[in-house]
Amino acid sequence: PEFSFLNPQGNDLATLSKAIFDFNQGKEKEKQIEQTEALATKFHQAGTEKIVLGCTEIALMLEKSLLPTLDTMEILKECIVEEVKKRMVR
């Protein structure tokens, strides 16, 4: 299947970067979650089918979100478990 990406640019990227940094610093965590959720919603409304949670902070900030997401850490974990299972059978 064909797919494309919408990446945050300009002000959106600056907002997301600051939200991640401030979230890590423990500064107004709810505000950072709200900003990240708003940005993700904006991209979803622009046609994004899934929000890729490409860093652990975004995954944490959007863990309660109802938006459709792909958590890269969860996918990696599943792949590792499957690989370990294969190797244990050998």
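Heavy atoms only: backbone and side chains are in, while hydrogens, waters and symmetry mates are out.
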Problem set entry | Any donor-acceptor N or O pair under 3.5 Å, side chains Gln35, Thr15 | no
Problem set entry | Atom of His44, atom of Pro68 and distance for their closest heavy-atom approach | CE1-CG, 3.5 Å
Exercise. Can you check whether Glu57 reaches Asn24 side chain to side chain, under 4.5 Å on heavy atoms?
Worked result: yes
Exercise. Can you tell if the side chain of Leu53 reaches within under 4.5 Å of the side chain of Met61, non-hydrogen atoms only?
Worked result: no
Problem set entry | Spacing of Lys18 atom NZ and Lys31 atom NZ [to the nearest 0.5 Å] | 6.0 Å
Seminar exercise, completed: Output for pair (Lys42 NZ, Gln45 CD), nearest 0.5 Å, gives 10.5 Å
Problem set entry | Gap between atom OG1 of Thr36 and atom CG of Leu67 - 0.5 Å precision | 11.5 Å
Problem set entry | With Val52, the side-chain contact (heavy atoms from CB on, under 4.5 Å) member among Asp71, Ile75, Asn7, Thr72 | Thr72
Exercise. Applying the 4.5 Å side-chain criterion to the ILVMFWY set and letting contacts propagate, would Phe5 and Leu13 be lumped into a single cluster?
Worked result: no
Exercise. Does CD in Glu49 sit with more than 12 non-hydrogen atoms of other residues, nucleotides or ligands closer than 6.0 Å?
Worked result: no
For this session: Starting at CD1 of Ile51, measure out to OG1 of Thr41 and round the result to the nearest 0.5 Å.
Result: 7.5 Å
Exercise. Can you name the residues that form a salt bridge (charged side-chain N to carboxylate O under 4.0 Å, His left out) with Lys29, not counting sequence neighbours?
Worked result: none
Problem set entry | With sequence neighbours excluded, residues passing salt bridge (charged side-chain N to carboxylate O under 4.0 Å, His left out) with Lys27 | none
For this session: Report yes if the side chains of Leu16 and Ile58 come closer than 4.5 Å at any heavy-atom pair, otherwise no.
Result: yes
Problem set entry | Crowding at CG, Leu66 (>12 non-hydrogen neighbours, <6.0 Å) | no
